[in-house]
2 protein chains.
Amino acid sequence: MIAQRGQLNAVGATVDQRSVPATDQRSVPEATVARLATYLRALIGLGEHGVATVSSESLATAAGVNSAKLRKDLSYLGSYGVRGVGYDVSVLTEQINKTLGLHQNRAVALIGLGHLGQALAGYAGFASRGFRIAALIDAHPALVGTRLHGLTVQHVDELADIVRRESIAIAVVAVPAAAAQDVCDRLVSAGVTSILNFAPTVLNVPSHVDVRKVDLAAELQILSFHDNRKSGRPECAGALGAEQSLAVPSTGKVAVVR
Amino acid sequence: MIAQRGQLNAVGATVDQRSVPATDQRSVPEATVARLATYLRALIGLGEHGVATVSSESLATAAGVNSAKLRKDLSYLGSYGVRGVGYDVSVLTEQINKTLGLHQNRAVALIGLGHLGQALAGYAGFASRGFRIAALIDAHPALVGTRLHGLTVQHVDELADIVRRESIAIAVVAVPAAAAQDVCDRLVSAGVTSILNFAPTVLNVPSHVDVRKVDLAAELQILSFHDNRKSGRPECAGALGAEQSLAVPSTGKVAVVR
DNA sequence: ACGTGTGAAAATATTCACAGCT
DNA sequence: AGCTGTGAATATTTTCACACGT
């Protein structure tokens, strides 16, 4: 995944890099890592509401998973709960923060300031969750030099300098698909090791670089798939009405019958 | 209680479907569904370049996966390749389109027209990949009535009417976290069955409704985790006991192990 | 009592490797 | 000779269920 590894989102990201050396360092499974961010969000919410202790059951509910999965996930970080009691909200928050490497606010570069890029530049969620947008970069002359959310847009030719000057390890790519691989190459050679890609393209990167992608249309397509299935199945339709159990027209759009 | 199906990016989605109806319809695994959208994108690109036939090897490269996985994925749709030759681009494109339910352009409602919502409203990728934004909805009086990308913004109180009038099954939620559950409830009661949620909140929905979430900060946090590992972290969380709580200057790039 | 932490079982997903069709 | 389709082998993830600490 990411690296296309997925996010499963999604989707996936890539992975790789073969083996883990014997010296196992508590490797946290990928699926777990993806959920830690959600747990963290839930914990912060609880903390703000003054909750000091939480059980796996309620934290799981707040995060939208089941409690067994939550406990198993947390167990990869170590043993921070108290039997019979639950988890201390601040201890666990701290621990997940540390695991995710969010202790220092990480500097992020945002490349591409079209509609999406501009929206991302103003997204408060980045700042509040551990990231500082340290540079805005675009290739369009009309944009370069303008100020946006407190930063001056810089030209993509400055990219390498900026990355080095600001010690940027993570970049967000929001350029058109046609430009994405080029931007990606520049980022990689400037030393960026993690990329969040919004362009609908597969990026080729060396194995030490991690790419996660967010493909908005793909998300809708996945929903569409399930929706398609649903509408062919009367049973699921809500208990309330009469169920018309009429058979599905075999005209099939639904699946494959093999 | 509300059932919910959450899914994480790459993984995990829903469940269900227990029964295996005799008429087995080879249900497509969730992980496969998530990749079909990527294959489709790659196929369309190939088609536009005039490629008529493609091997699993090259399609896989274009989609950023390995060929065994691609073939296995495609095999769930049926048998559309030709041994010794490869896949016909248009046949396969068509087939994936059908599987994803993209035959009819699906009407989508977009709720929330802040920065992100406005960017999404103008995102060409939706239209080109099977979706038609049929309604823009917001609660803010200053926005309601304005025109945006050819549509007039409507008030959220009209939501139920709009959904019914336009036969909307899929909605994109881009409102602030605090408003998301309320909007979601309205959508569900109006009959929407699939929701793409950009608000950083867990949505509670009945089990016949599907929610996918896109959490931008979470994506960065996942990258941060891997990045943290890459740069070699002095403190190993966990298991072995006491952690020295003193903060270590993270500047150090310690040797990577791998 | 209560709720964590975790082995073991079950379910999913990925990869291998090759038989079989063109 | 080339490439798909797929069982079988692996690997990963989820779920179960209960021993154990508080």
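Convention: sequence-line order gives letters A, B, ...; per-chain numbering from 1. No experiment lies behind these values; they were computed from the predicted model shown.
- Side-chain N/O atoms of A:Tyr76 include none lying less than 4.0 angstrom from OP1 or OP2 on D:dT12.
- When side chains are defined from C-beta on, A:Ile44 does not count as touching A:Leu46, because their heavy atoms never get closer than 4.5 Å.
- Comparing C:dT4, D:dG5, D:dT14 against the side chain of A:Ala31 picks out D:dT14 as the nearest.
- Note on A:Arg35: a side-chain N or O is less than 4.0 Å away from OP1 or OP2 of D:dT14.
- Between the side chains of A:Ser90 and A:Thr93, no donor N or O sits under 3.5 Å from an acceptor N or O.
- Rounded to whole Å, the distance from CG on A:Leu74 to P on C:dG5 is 8 Å.
- Heavy-atom distances to DNA chain D give each of A:Lys72 and A:Val82 a nearest nucleotide, and the one nearer the 5′ end belongs to A:Lys72.
- Look at A:Ser55 and you won't find any side-chain N or O under 4.0 angstrom from OP1 or OP2 of C:dG3.
- The side chain of B:Glu30 sits closest to C:dA13 out of C:dA13, C:dT4, D:dG5.
- Within the structure, a side-chain polar atom (N or O) of A:Lys69 is placed less than 4.0 Å from OP1 or OP2 of D:dT15.
- Nearest nucleotide to the B:Ser56 side chain, out of D:dT4, D:dT14, D:dC20: D:dT4.
- B:Asp215 has a carboxylate O that lies under 4.0 Å from a charged side-chain N of A:Arg129, or vice versa, which qualifies the two as a salt bridge.
- The shortest distance between the side-chain N/O atoms of A:Asn66 and the OP1/OP2 oxygens of D:dT15 is below 4.0 Å.
- When rounded to the nearest whole Å, the span between CD of A:Gln95 and P of C:dG5 equals 12 Å.
- Applying the 3.5 Å distance criterion, the base of C:dC2 shares no donor-acceptor pair with the side chain of A:Arg83.
- Of the two residues contacting DNA chain D, namely A:Val85 and A:Thr32, the nearest-nucleotide position lying further toward the 5' end is that of A:Thr32.
- In this structure, A:Tyr87 atom OH and C:dG3 atom P are separated by 12 Å, rounded to whole Å.
- Looking only at atom types and distance, the side chain of A:Ser194 has a donor-acceptor partner in the side chain of B:Asp227 under 3.5 Å away.
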